[in-house]
Each structure stands twice: as structure tokens, then as C-alpha cells.
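Report on one structure; see the data block that follows.
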Amino acid sequence: MDILQIFRTMEYGPAPESAAAANAWLDEHGREFGLFINNEYITPRDAQYYPSYDPATGEKLADTVQAGQQDVDAAVAAARQAFKIWRETPGLIRARYLYAIARNIQKHHRLLAVLESMDNGKPIRESRDIDVPLLARHFYYHAGWAQLMETELHDYQPVGVVGQIIPWNFPLLMLAWKIAPAIAMGNTVVLKPASYTRLTALLFAEVVAEAGLPPGVINIVTGSSKAGTMIVTHPDVDKIAFTGSTEVGRILRRQTAGSGKKLSLELGGKSPFIVFEDADLDSAIEGVVDAIWFNQGQVCCAGSRLLVQENVANRFIHKLKERMKHLRVGDPLDKAIDIGAIVDQTQWNTVDGWVKIGVREGGELFQPDIKMPEKGCFYPPTLITGLDPAAQTVQEEIFGPVLVSLTFRTPSEGIALANNTRYGLAASVWSENINLALDVASKIKAGSVWVNSTNLFDAASGFGGYRESGFGREGGKEGLFEYLRPAWQERPRPDFDLSEATKGSSNWGTHTPSRPSMPTNGKANSNLSPQVDRTPKMYIAGKQLRPDGHYTRVVMGPKGEIVGQVGDGNRKDVRDAVEAAHAAHTAKPGWAMRHGYNRAQILYFIAENLNARSNEFARRIRAMTGRSLKSAQAEVEKAVERLFTYAAWADKFGGRLQETTLHGVTVAVNEPIGVIGIACPDEYPLLAFVSLMAPAIARGNTVIVLPSEKYPLSATDFYQVLDTSDVPPGVVNIVTGDRDHLVKTLIQHEDVDAVWYFGTGEGSYHVEYESAANMKRTWVSYGIKRDWLGPEQGAGHQFLHEATQVKNIWVPTGE
Ligand code: NAP
């Protein structure tokens, strides 16, 4: 082709990146790798190897070890040994190690990028300009936190040995998101890369060793999902950090239930990409290209559901199809390629299977007539229009270069469609009207919302999901808490024997209602005056309602005397309470939409009204518990103080500006979780009740509280305090009865977003296990008592953290 022809066609020429250095590195190792433990490759005796292929060529790149139980044990032991020293290593020293790693990543930038593209199939343009720079950025950012931990996070300690399991779509980036915060906070790690992509994790391990990191701080174990299970179930692992599919996330939630291990789950998504009629359509088209064809659409937060406002939809789809005809699919090592190879043939088959389902569901398929490579795992950019919002292809994650498109008429319809998913990872909003864009951003239920942009990531901004996209954040200050526990708290070691749970014979949470109790025991009432039943009812939607079953429970005093009765709640009462809490949450304006100032005033008012009746409450506590009046008075005083504390926090925990690399504004908003079910302990029946309820409602959640089962009367007395304090109906609902029976209904309820359970080790197991069904957030006590009176354990940041989830809204500014 001569120059004239090039000018006429504007055809791209080949721009190949050399694979020579990566191949040389593979050859140096004989294309065979052991496990990376204690800063060296270990080849287990009788090692089983399995191959890793280049998906673009189908050629074998190398073999790595399939780890077994002994290998996982060795890696965990190395991490445990290293933890003893690493946790005591001064923050500045840890910072310097992270900094050294970052510098070494930059030194080996090109090698890392080329190997990543060969192993995964992603275009070199992306691995070179996005994955590896972000890898370095994460270590720089967290080097800073390693140093600042001593002053900024002195109430916290590292969790211990962390097991980390990552997917194949961003092998290096996912590794950085996991390892950098973990080791910055003084933890040591055992990381398992995905089976399709494990080579760059090993190259990274060498980079780490070159930086001189003490042996055992980072260990890389290759292997299948079986090795993953070995890490997850290992008794000496204190925390599991997982990124992958929601299905596997559910398995891990169940496997770790009741064990006291911390868990963070970064799961799947089906993120909306919403285009309003006033959007800059050409920019939005480029946005779509980035949203769904970046990394072949194998992106958890890919904008895979295109929602376009009806009156621009035809024009937009026409432009999009034109643009698709110019996408270039081909050799990942060609620098002028837009779309590389799908990671593996199995994944290719899955994607293709989904496209066929989409067509069967009535969708109209568009795949541009572009040049495709003759061999290798390549899939064309694909658009499916005309689907029903409930179609499987609209609802399920395809994880490939496949975009489905729907239309909407009004902003509220657009928001409803955007939220019509079990996921909640990310969203993209396109409009030139800043009021509209930010309003929509605030109403979408997702962890990241990009305004007039998409797929923006930075170490300074937390990333993670709502709903079935998981819980926990990676990046930002918010992400650090996944690798910390309060300084006062040791790793919970529940007394409950987990093997009991797996026998399937548990009758936990089953309950037979007692007959209506007769405190006079059938004898005639001797004092001749009529005895009116004063059994407190349930408190639901701001009303006192009789329990559905019309049964009551007797509340006994310390000497076995009867001090009162309460309703014996059942599933129906819990369901009514959830409905009321939900209505209060979503009503216009819902509790969450009220100003913090308004919520603060209501909490102050509750405090004032409780204070006015403090003697009455103290006497009630004494009657139920047998504690001295002085001790009961101290409890009431503390409860009043707690209400003041959370009134204070009601307008001071809204979020902050994140200092990302974006030219514009990235705001982290601490949003409420939604509807929270709270099961209170028996200790300090009023104080624990208030300490849990107050932070939840202060931060905009609505609650269903199950008060102490043994001492419920201070909670039922509290109805009148709520009634006189302007608390809107449904914000606080109280159901008395058998705590474990009632919490079982709460944890199984689809409309409950989180459950806090302060009860037995066995109950904690069940709550965590059952939460996997819709990935509720949980906070459980594992049967370990806390000091509710103390400022560290009875109040503080942990309570606010549990009451909120962070949404990051990215707003680029400028031309
Ligand atoms: P996956 O099948 O869930 O696997 C993820 C990792 O878990 C791999 O290392 C896998 O090992 C391992 N694994 C599989 N089954 C396991 C088990 N029972 N116990 C322990 N470990 C197990 O997911 P994937 O196909 O690799 O990745 C795609 C998914 O990741 C998508 O759903 C995507 O949305 C999600 N993702 C989420 C984020 C986020 O930040 N939210 C980021 C990236 C990807 P093997 O590879 O050996 O099977």
C-alpha cells in the first residue's frame, strides 16, 4: 500500500508489540512454575501441573502447579509466621516496601503488560495504559496508608492471615486491589489467581521478591477451585477476600458462616448505561464502546444494559451500529486493536450461548460485518435490541462483548429500569443537565456511578457493590476497613461446633407459641378490682398492634416472679414490620431522603423524652434484671448519651471528596443500607437496644428491632418515647418474642437488606449462612459479649460503618 492509498482508506497498519521479553522470561523458567511461598518457588513432591494457554493463538504458554492441601497449609503457615513480624513492622517501613514494589512494577511495566495480554487476551493498549499503571497506582496509594495507619487508624489492628481469590478478567489489577490494602494494614496474604490466568501473578511475585519484601508476606498459590476451597476453609485464615461470580460468592458466604472469619465479596453485575435525550450523543457512543467492549466486555461493571430515552433511541442505535462497524478485533499484541480475545473457549461458548438465548427471547441481533481473525478465541461486538426488561439476557450477567438495549420515556422510568436488577455494582448516566444527572446518580442503587463517563477507576476511590454484587469496598479509605478489626477485638472464635450445623438436624429458630399465659395461674383474682390486660403489643408502622398469633410470653424477674408479659411475635408480625419499614424507606420523602438535620432533631427529641422518664426506665430494668437501681440508672443515662451521640452523627457522616486522578469530582456518599433487621442481646436491654437502633436510623435506615428476649419490657416501654418524638411511622418497628425464631424470618426475607444479630454462636452461623440467598449484609456477635457501656465497644465508627454503604459518584469537569 502506498502513501496515497493509506490517505484514501485511512486503514490502520499493523503495530505489533514484541512478545520476545515475555517469551524469554517464560523460557528462563523452562515454562514451568512452582508455587510462590516465602519468596521462592516451591515445587511440591509429586506436583501435578496444568497448562496455561494464550487465547489469541491457542498456544501453550507454560505449566503451573495444581496446589493441594499440603501446599495450601505451607502457604498459610508461611503467612502466619510472617504476620508476627509484619504486623509489628513500623508503618513507615511497610510504606517503603509498598513504595519499592510500586517502583519495581514501573520498572517492569512493559513485561507485565505484554505477559498480561498474552495470558488473558486483552489488548496491549489496555494492559499497557490501564491495568499496569493502575497496579502501580494501588501500591503507591496504599504505601501512604501504611504510614498513616498509626495516626489515622490507631483504633484498629490488622486482621491476620488473609486468603484472597481473584478472577481472570483483570489478573494484575484484581491482585493489586487485594494485596496492596492488605499488606499496607499489616496483614499477610495467600492469593490464588484464576485458573485461566495465573502467569502474571507469578511474575508479580518475582517483582515483590526483587523489592525485598520479607518472606511469607505475599504467597501465591496456583490451583483450581479446589485450592480455593482449601484456602476458604483453612482454620488459620482470618479473612477471605473474594472477587468473582455471585454464584461462587454465595458458596463462600455459606462456607465461612459462623467461623468468625471476615469476608468481603466483590461479585457480578449487570450495570445500566443510561442515555438521556439531552446527552451529548457522540460522547455517549464512545462511552458505550468503553463500557461494553473494553476488555471484551469481561468487566464486572461493564455497562451491559443500555437504556436510551425513547425519542433519541433510533438515532442513538443507528449511530452505535455505525460505530460498531469500525471496531477492530484481533491480535491482542497489536497496538491498534480495540477488542482482543475472549479468555478461553469455554467462556466463548458461554457468551455465544447467551446470544442464542437472546435471539430466542425475541431480541434483534446485530453483529457488524467486520474482519475477524481466522483462529483464536475472538467474539464480535454484539448488540441485541427489542428485548423485554424481564428477559434473561437483560437480567443475567453475560460477561462478554454483548450489549442489550432497552428504551424508557421519563427519568423515573429510566431509574426504575436501571434498578430492576438483583445486582448493584455500577451505572453510567449521560445527560448535559447536571441536575438530572446527579439526581439520577443519587437514586441508582450501585456502588459506583459515573456521570458522562464510564469505567473510571482509581485507588483513592472504593469500588464494590450493593445487593447481590456483594459487600465490602476495594480502594479508598473505605476499603481499608476490610483488612482491619477494632483494636479491642480479637478474632472471634465461636464456641459453636460448625460440624453440628452441617448435619442438617438443627432445629434452630423453630418455635412453638406458648399458650396465652395466665399470671394468676387460674386462681381468682383476689383484689376485687377489674384486671385490664396491659400486655404491650407489637410496634409496627407507628401503631401498637396485637401479635398476629394472639399469644403472649411471660417476662420473669430475677427471683422467678412475673414482671410482665409481651406479645409472642410470629412470621406474620415480622413480615408486617418489614413491609412498614420498607414503606417508610421508600415513601416520598422516605426516611433516607430526609436531611441529616431533621433526623438529628428527632434523635435529640427521643433522647430528651427518654431522659424525662429515666427513673421509670431504671425501675423497669431493675425489676427485670435484679440489678441495683444505681446500675440501672447508669444504663439509662448511657442510653440517653448514645442517642445524643448518634443525633450528632446524623449530619456528620455523609461522605467526602475522594482525591482520585480524575479531572473533576469524585464524591464518596455514605448511603444507608435500607431496611435493617436488628436482634438485640440480653445484656443491657435498654442500652444495647438504643446503641443498635440509633446509629441505624441516624444514617437513614429503617429498622425492625427484636429486643432482648429475656428482658423486653424496656423496649416495649420505649414505644411511648417514640410516639412522642416525631419518629415517622415505620422507621422503628419492634417485634417481641423468640429472638432466633423471629430473626430466621428476617434473614430469609428478600426485602431486608441487612441483619445485625447479637446472639449465640449457633444463631450467628445461621444468620450468615442464610444471608447468602440474596447477599444481605450481616453483622453478628458469634456469641461473644461486648461491653455495651464502654465507648469503644458500645459506640463508635464500627456502628456507623455497619449502617452505611459507600457510593462513589464520578463527575468529570472541563472540556
Ligand atoms: P468465578 O468462577 O467465581 O471464579 C473466581 C475465582 O474463584 C477463581 O479464582 C476461581 O478459581 C475461584 N473459585 C471458583 N469456584 C470456587 C470455589 N468453590 N471456592 C473457592 N474458589 C473458587 O469467577 P470468574 O469467572 O473467574 O470471574 C468472573 C466473575 O467475576 C464475573 O461474575 C465478574 O462480574 C466477577 N468480577 C467482579 C469484580 C468486582 O470487583 N465486583 C471484578 C472482576 C470480576 P478457578 O479459576 O480455578 O476456577
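Hydrogens, waters and symmetry mates play no part in the numbers below; they use all other heavy atoms, side chains included. Every number for a ligand or one of its atoms is a count from 1 in the order of the listing.
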Q. Looking at atom 32 (O) of ligand 1, what's its closest protein heavy atom, distance included?
A. E397 OE1, 2.6 Å
Q. How close does the nearest protein non-hydrogen atom get to atom 12 (C) of ligand 1, and which residue and atom is it?
A. I165 CG2, 3.6 Å
Q. With a 4.0 Å cut-off, would you call K262 and E482 a salt bridge?
A. no
Q: Indicate, as side chain, backbone, both or neither, the part of Y196 found under 4.0 angstrom from ligand 1 when only non-hydrogen atoms are considered.
A: neither
Q | Nearest neighbour in protein (non-hydrogen) for atom 44 (C) of ligand 1 | A | N169 ND2, 3.4 Å
Q | Pair W25, E206: side-chain N/O donor-acceptor within cut-off below 3.5 Å | A | yes
(Q) Whether E397 and R422 form a salt bridge (side-chain N of Lys/Arg under 4.0 Å from carboxylate O of Asp/Glu) is what I want to check. (A) no
Q) What's the shortest distance from atom 21 (N) of ligand 1 to any protein heavy atom, and which residue and atom give it? A) G228 CA, 3.7 Å
Q. Going by heavy atoms, is C301 under 4.0 Å from ligand 1?
A. no
Q | Q255-ligand 1 polar pair, N/O distance under 3.5 Å | A | no
Q) Which option out of W177, F463, F399 puts a heavy atom nearest to atom 33 (C) of ligand 1? A) F399
Q | Shortest protein heavy-atom distance from atom 24 (P) of ligand 1, along with the residue and atom involved | A | W168 NE1, 3.4 Å
Q. Of the choices G268, G163, S225, A194, which has the non-hydrogen atom that lies closest to atom 48 (O) of ligand 1?
A. S225
(Q) Minimum distance, heavy atoms only, to atom 5 (C) of ligand 1: which one of L425, T243, V248 is it? (A) T243
Q) With no hydrogens and no angle check, do the side chains of T666 and D458 hold a donor and an acceptor under 3.5 Å apart? A) no
Q. If we ignore angles and hydrogens, is there a donor and acceptor under 3.5 Å between the side chains of Y196 and N120?
A. no
(Q) Once you restrict to heavy atoms under 4.0 Å, what part of L252 touches ligand 1? Side chain, backbone, both or neither. (A) side chain
**Q.** Within reach of ligand 1, part of M174 (heavy-atom separation under 4.0 Å)
**A.** side chain
Q) Heavy atoms, side chains only, cut-off 4.5 Å: are F457 and L134 in contact? A) yes
Q | Under 3.5 Å: N/O of I166 near N/O of ligand 1 | A | yes
Q) Does the gap between the ring centers of F139 and F204 come in under 6.0 Å? A) yes
Q.
For the residue pair R777 and F471, would you count it as a cation-pi contact if the rule is NZ or CZ under 6.0 angstrom from the ring centre and within 45 degrees of the ring axis?
A. no
Q. Starting from atom 47 (O) of ligand 1, which protein heavy atom do you reach first, and at what distance in Å?
A. S195 OG, 2.5 Å
Q: May I ask you to check whether W145 and Y140 place their ring centres under 6.0 Å from each other?
A: no
Q: Using the salt bridge (Lys or Arg N to Asp or Glu O under 4.0 Å) rule, pick out the option among D290, D131, D338 that qualifies with R125.
A: D338
Q | Heavy atom of S224, distance to ligand 1 below 4.0 Å | A | yes
Q.
Looking only at protein heavy atoms, which one is nearest to atom 2 (O) of ligand 1, and what is the separation?
A. S245 OG, 4.0 Å
Q | Proximity of F170 and F294 rings by center, below 6.0 Å | A | yes
Q: Run down the list G244, P167, A426 and name the one with the heavy atom closest to atom 35 (C) of ligand 1.
A: G244
**Q.** Residue part near ligand 1, for T246, under 4.0 Å between non-hydrogen atoms
**A.** neither
Q. At a 4.0 Å threshold, what atoms of ligand 1 neighbour a non-hydrogen atom of G223?
A. 47 (O)
**Q.** Protein residue, atom and distance nearest to atom 41 (N) of ligand 1, heavy-atom basis
**A.** L267 O, 2.8 Å
Q: Looking only at distances, please establish whether an N/O atom of ligand 1 is found under 3.5 Å from an N/O atom of K192.
A: yes
Q | Cationic tip of R198 above Y50 ring, under 6.0 Å, 45° of axis | A | yes
**Q.** Test applied, side-chain contact (heavy atoms from CB on, under 4.5 Å); reference residue, H234; option that passes from T229, I240, V76
**A.** V76
Q. So, does F170 sit close enough to ligand 1 that a heavy atom of it is under 4.0 Å from the ligand?
A. no
(Q) If I compare all heavy atoms of P401 with all of W293, which pair ends up nearest, and what's the gap? (A) O-NE1, 3.0 Å
